[in-house]
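Beneath this line is the structure, given in C-alpha cells, with notes to follow.
Because the structure is a prediction, the values reported are computed rather than measured.
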Amino acid sequence: MTSEHFDDPRLTAVGLFVEAHQGLIAKLAPRIQDHGMSETEFEVLLRLARTPGGQLRMSDLSAQTSLSTSGITRVVDRLERDGLVTRASCDTDRRGTWARITDAGSARISGLIAGHLEDVDRWYTGLLSPAQLEALTDALRVVRDAVHPGAVAGSAPQVRREGVEAGR
C-alpha cells in the first residue's frame, strides 16, 4: 500500500464522522446521567415517547436501537422496574410483546428533554445553518438506511415537513 491511500478523502470523511459522533456523545451524556439514566435508557424512552401511541414491539425497539434481543430485554427490564415502561402482549402476534412508556416515563423524559435540546443546539444543530442541517440530515438518513435498515422498524410512516422529517 502506498502513502496516497492514507490521503484518501474517504478516510477523512469517515474519521470526521466518528470523531464528531464520539465528541457529541461526550457532550450530551452528562445531562442524561445527571437525570439518573444511561444513554441507552434515554434512547429507549425517547423512541417510545416519539412513537405514536407511545409503544413499540420489543423486536422493533431492538432493531431501532441496534441492541440485541437480550440487550433490549435487559434495558426494558430496568425501565419496567423503575416504573417507566410496561410490557403488554401483542394482540396480533402471540409471540410479540409491546414496550409502552408509562406516565412516569413520559414525565421523566419530559423533565430532561428541554435541557437535552439545549445541549443538542449548542453542540450540533446550532453550529449549522438551516441549509447545512437539512443537507446533513438528508445525507445521514441515506447512510443510516443503508447500514441500519431496521432503524425505523415499527414506526408510523414519516411525513416531510419544511425539510425536516417528523418523528425522527
Side-chain angles (χ1 to χ4, degrees), residues 13-14 17-117 119-120 123-125 133 136-161 164-168:
V14 77
F17 175 79
V18 169
E19 291 170 13
H21 174 262
Q22 291 171 339
L24 188 57
I25 294 302
K27 296 294 187 186
L28 300 177
R31 187 180 305 266
I32 294 167
Q33 293 166 355
D34 287 348
H35 280 78
M37 281 187 276
S38 70
E39 291 87 2
T40 304
E41 292 166 337
F42 173 74
E43 180 183 7
V44 167
L45 282 179
L46 186 60
R47 285 184 182 273
L48 291 172
R50 291 183 54 147
T51 301
Q55 67 180 16
L56 283 167
R57 288 170 46 117
M58 292 285 288
S59 58
D60 294 334
L61 193 52
S62 173
Q64 284 191 22
T65 60
S66 294
L67 289 171
S68 66
T69 307
S70 62
I72 199 66
T73 297
R74 284 190 299 273
V75 172
V76 170
D77 283 347
R78 287 192 307 270
L79 293 170
E80 188 174 35
R81 181 196 66 223
D82 294 342
L84 306 176
V85 169
T86 61
R87 285 189 176 95
S89 296
C90 180
D91 297 342
T92 59
D93 180 0
R94 291 188 341 220
R95 297 170 295 162
T97 302
W98 293 100
R100 290 185 179 148
I101 193 165
T102 64
D103 290 343
S106 292
R108 185 79 165 279
I109 202 80
S110 293
L112 169 57
I113 201 69
H116 180 69
L117 288 171
D119 292 343
V120 168
W123 298 109
Y124 181 44
T125 58
L133 181 58
L136 180 58
T137 300
D138 289 344
L140 288 172
R141 191 167 283 112
V142 168
V143 174
R144 187 269 326 264
D145 290 350
V147 300
H148 187 46
V152 293
S155 295
Q158 304 301 304
V159 178
R160 298 249 341 147
R161 215 176 35 214
V164 178
E165 278 193 27
R168 285 285 150 236

Please walk me through it: do Val76 and Leu61 pass side-chain contact (heavy atoms from CB on, under 4.5 Å)? CA-CA 10 Å; Val76 170; Leu61 193 52; 4.1 Å; yes

Walk me through it: do Leu112 and Arg31 pass the test side-chain contact (heavy atoms from CB on, under 4.5 Å)? CA-CA 8 Å; Leu112 169 57; Arg31 187 180 305 266; 3.6 Å; yes

Please determine whether side-chain contact (heavy atoms from CB on, under 4.5 Å) holds for the pair Arg87 and Asp77, giving the CA-CA distance in whole Å, both sets of side-chain angles, and the decisive distance to 0.1 Å. CA-CA 9 Å; Arg87 285 189 176 95; Asp77 283 347; 2.7 Å; yes

Worked check of side-chain contact (heavy atoms from CB on, under 4.5 Å) between Glu41 and Val75: CA-CA 6 Å; Glu41 292 166 337; Val75 172; 4.2 Å; yes

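Shown here for Ala26 and Pro30, the closest heavy-atom pair between the two residues is O-CD, 3.2 Å. Summarising the geometry of Ala146 relative to Pro149, their closest heavy-atom pair is O-CD, 4.1 Å, with the distance given to 0.1 Å. Closest approach of Gln33 to Glu39, counting heavy atoms only: NE2-OE2, 3.1 Å. Minimum heavy-atom separation, Leu46 to Ile109: N-CD1, 3.9 Å. Smallest separation of non-hydrogen atoms from Ser62 and Ile72: CB-CG2, 3.8 Å. Heavy-atom minimum distance, Leu45 versus Ile101: O-CD1, 3.7 Å.
Arg108 places no side-chain N or O within 3.5 Å of a backbone atom of Leu84 that could act as its donor or acceptor partner. His148 contributes no side-chain N or O that, together with a main-chain N or O of Val143, makes up a donor-acceptor pair within less than 3.5 Å. Between the Thr97 side chain and the Met58 main chain, no donor and acceptor come within less than 3.5 Å of each other.
Rounding to the nearest 0.5 angstrom, the gap separating the CG atom in Leu117 from the OH atom in Tyr124 is 13.0 Å. A distance of 7.5 Å separates CG in Leu24 from NE2 in His21, rounded to the nearest 0.5 Å. In this structure, Asp138 CG and Leu133 CG are separated by 9.5 Å, a value rounded to the nearest 0.5 Å. Atom CZ of residue Arg78 and atom OG1 of residue Thr73 lie 11.0 Å apart, to the nearest 0.5 angstrom.
When ring centroids are compared, His35 and Phe42 stay outside the 6.0 Å threshold.
The environment of Asp34 atom CG is dense: over 12 non-hydrogen atoms of other residues, nucleotides or ligands sit within 6.0 angstrom.
Side chains of Thr40 and Ser38: a donor-acceptor N/O pair is absent below 3.5 angstrom, by distance only.
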